[in-house]
Amino acid sequence: MQKNMRLIISLIVILVLIPLTLYAGITIFADRKYYFISIVIIFLACVPFFLSFERRKPQPREIVVIAVMSAISVAGRALFIVTPGFKPVAAITAITGFSLGAEAGFLTGAISALVSNMFFGQGPWTPFQMFMWGMIGFIAGLLGKTGIMHKKIPLILFGLFAGVFFSFGMDIWGTVSMYGVFNWKAYTLALTSAVPFMIIYAVSNVIFLLLLERPIREKLERIKNKYGILQ
Amino acid sequence: MKAFETFHPIVLFSFFVAAISLSMFFMHPIYLAITIFSAISLNIALRRQLFFKDWKLYVPLFFLMAIINPLISHNGQLVLLYINGNALTVEAIMYGIAIATMIVAVMLWFSCYNVVMTSDKFIYLFGKVSPALSLTLSISLRLVPRFRHQLTQIVQAQKVIGMDYTTGSLWHRIKCTMRILSILITWALDNAIDTADSMKARGYGIKKRTAFSLFFFERRDGFVLAIIILLFVSNFAASFIGTTTFYFYPTFGAVKWDIGSILFYSSYFALLSIPLAIEIKGALKWRSLKSTM
């Protein structure tokens, strides 16, 4: 029943609200408002996850475990404050997703973004970060069911994918929608400016995933088995 | 002596939602001038020295963003020169400057937001809309400083037994860091279960959650909120009528100077200068109180 609820809300958002925003963006505000519209759409895309979490009345144990994992990734981001882009947030979110499932993964990523920006400053990038890290956790949760994500090669591939995905959302989508120019020149310019960051994201993801996957997974599994949460 | 901060969180939040969303939206030169002017003055009023420090960041950002548009866009009729067969147009340059102004204004509004909307206000507001999520958020927010504290304790304890992460070979350092992190996570998760059981024992989820807060919705909050909503609606209407539209391509549109447009411009200015007006009023009152003492 809970799964259906999320499906229904997601369908409403994806099939009704997002097209409505796009339509309004094209017809009423005809003059290149892509950046604003992107932020509204990104925000709407987060809503189904939050709503379904809210509606199923989560147990205190789930709430606290998600809060702990987000706080650890925020503390990790603070620890690596001197190295721009080289952060363990995506890796910790992904590992949470592998072990605790898609929903917990999404929430850990999104809450990490929101909380860390409360320390480092909110900006127009907050919704993008929330959605991108959230989706990394969500996809990790779906992949975690396959049971192969503790092996080295899938981990490396996922780390690379997460770096490219994050960079696509934050840098490329950000710049292109800001200027509202959709031609090859704009894409190549955005891509070339994003590539250094993309590499840093991907490399840091791979390093942190390889180093942290086993210890954190073991701890989460232990908590899961010992107390029977988020099964 | 910060008067605007003392208003109810809903008033503060609505103001920033209105200011930031409208600033992102209007690319009309007059509107851009109004928003950047208001954002700078509020920044100076709220952040003073910090704002002057930030200039080193904003000025290069402004120029960087302004030059990107003429590089990727060759629309426009007023051609300055041709580079490799691509036109460099006045319109594209002006549009780049307009975008740069808009982004810098939005960032300045966000830096005011970060000063005024502290995390307790944000959680207070969203605790009503989404209790479970805002509880997760506030637990997480509280855990971050706690983890940092615990981290220093673990580091010290590990140092004593020879696992100092600041010395030795790279491999040794990585091993020590991982060990410290691993200890922290084990400690944190077990502690979390304790917290959760304690919450359950105290009846979490049985009744509606209550929250301690010192925020009261007073008459002045209602008054300011009503003004914000009224001015937001009038600006929305302006964008519907088309006062706020300005075309850069194929060539510049005209800036209207009739009475109706000027009224709409001033309604935008009035909306964005609400916090500054409150700050100035507070400062004047403080000065007059001090002089009568």
Side-chain angles (χ1 to χ4, degrees), chain A residues 28-33 35-36 39-40 50-51 53-54 56-72 74-76 78-79 107 111-112 114-119 121-124 126 175 178-181 183 185-186 189 211-212 215-216 219-220 222-223 226-227 229, chain B residues 20-21 24-25 27 65 68-69 71-73 95-96 99 102-103 106-107 110-111 113-114 117-119 122 130-133 135-144 146-148 151 174 178 181-182 184-186 188-193 195-200 204-205 239-240 245-247:
Chain A
I28 306 174
F29 321 117
D31 185 31
R32 299 220 266 181
K33 300 290 189 276
Y35 193 55
F36 180 79
I39 289 179
V40 172
F50 293 148
L51 261 180
F53 182 67
E54 198 61 58
R56 73 184 174 88
K57 301 232 176 324
Q59 287 301 303
R61 280 178 173 178
E62 302 172 44
I63 292 183
V64 175
V65 169
I66 291 169
V68 164
M69 293 318 289
S70 321
I72 285 172
V74 175
L79 206 63
L107 290 168
I111 287 173
S112 302
L114 197 57
V115 170
S116 66
N117 287 341
M118 281 179 177
F119 289 100
Q122 307 282 359
T126 306
T175 14
M178 201 188 288
Y179 290 97
V181 181
N183 57 28
K185 221 171 191 171
L189 195 74
L211 283 174
L212 296 173
I216 297 185
K219 288 173 213 314
L220 286 175
R222 179 179 150 269
I223 288 284
K226 186 173 173 188
Y227 299 103
I229 48 164
Chain B
I20 291 169
S21 61
M24 274 186 184
F25 221 81
M27 288 291 275
M65 284 193 300
I68 290 176
N69 194 56
L71 290 179
I72 55 175
S73 169
Y95 190 74
I99 284 189
M102 186 262 269
I103 296 294
V106 167
M107 289 186 58
F110 264 109
S111 68
Y113 169 95
N114 287 327
M117 277 296 282
T118 44
S119 50
F122 182 82
S130 171
L133 204 67
L135 180 66
T136 321
L137 203 68
S138 71
I139 294 175
S140 182
L141 201 61
R142 191 265 169 277
L143 285 177
V144 174
R146 198 170 169 199
F147 284 178
R148 282 190 184 165
L151 215 52
I174 292 174
M178 286 303 127
L181 213 61
S182 159
L184 176 73
I185 294 171
T186 314
L189 283 173
D190 259 313
N191 243 312
I193 299 294
T195 313
D197 289 347
S198 161
M199 277 164 64
K200 194 149 197 182
Y204 171 80
S239 108
F240 218 78
T245 17
F246 180 83
Y247 290 103

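Order of the sequence lines fixes the chain letters, A, B, ..., with proteins taken first and strands second; residue numbering starts at 1 for each chain.
Within the 4.5 angstrom heavy-atom criterion, atoms from both the backbone and the side chain of B/S21 approach chain A. Only the side chain of A/L114 comes within contact range of chain B, judged by heavy atoms closer than 4.5 Å. Heavy atoms of A/I223 lying under 4.5 Å from chain B belong exclusively to its side chain. Contacts between A/L107 and chain B at a heavy-atom distance below 4.5 Å involve the side chain alone, from C-beta outward. Contact annotation for B/V106: only side-chain heavy atoms (C-beta onward) come within less than 4.5 Å of a heavy atom of chain A. Neither the backbone nor the side chain of A/K57 has a heavy atom closer than 4.5 Å to any heavy atom of chain B.
Salt-bridge formation is detected for the pair A/R56/A/E62: a Lys NZ or Arg NE/NH1/NH2 atom is positioned less than 4.0 Å from an Asp or Glu carboxylate oxygen.
One finds the CE atom of B/M117 at 11.5 Å from the CZ atom of B/F110 (value rounded to the nearest 0.5 Å). Remark: B/Y95 OH to B/M27 CE distance equals 4.0 Å, nearest 0.5 Å.
Heavy-atom pairs under 4.5 Å with chain A peak, among B/I103, B/L181, B/I20, at B/I103. Listed options A/E54, A/R222, A/Q59 were ranked by heavy-atom pairs under 4.5 angstrom with chain B; first place goes to A/E54. Here B/D190 is the residue among B/D190, B/T195, B/N191 with the most heavy-atom pairs under 4.5 Å with chain A. With chain A as partner, the option from B/M107, B/M199, B/M65 having the largest number of non-hydrogen pairs under 4.5 angstrom is B/M65. In terms of heavy-atom pairs under 4.5 angstrom with chain A, the leader among B/L143, B/L133, B/L137 is B/L133. Ranked by heavy-atom pairs under 4.5 Å with chain B, the list A/I72, A/I111, A/I39 is led by A/I72.
Between A/A67 and B/S140, the shortest heavy-atom contact is O-OG, 3.4 Å.
With A/V64 as the fixed residue, the side chain to side chain contact (heavy atoms under 4.5 Å, CB included) test singles out one of B/I139, B/I193, B/T136, B/D197: B/I139.
Annotation: ring-ring contact (aromatic ring centres under 6.0 Å, His included) contacts of B/F147 (sequence neighbours excluded): none. Every residue was checked against the side-chain hydrogen bond (donor to acceptor under 3.5 Å, both in side chains) condition with B/S119, not counting sequence neighbours, and none meets it.
Under the 3.5 Å distance criterion, the side-chain polar atoms of A/R61 are matched with a main-chain donor or acceptor of A/Y227.
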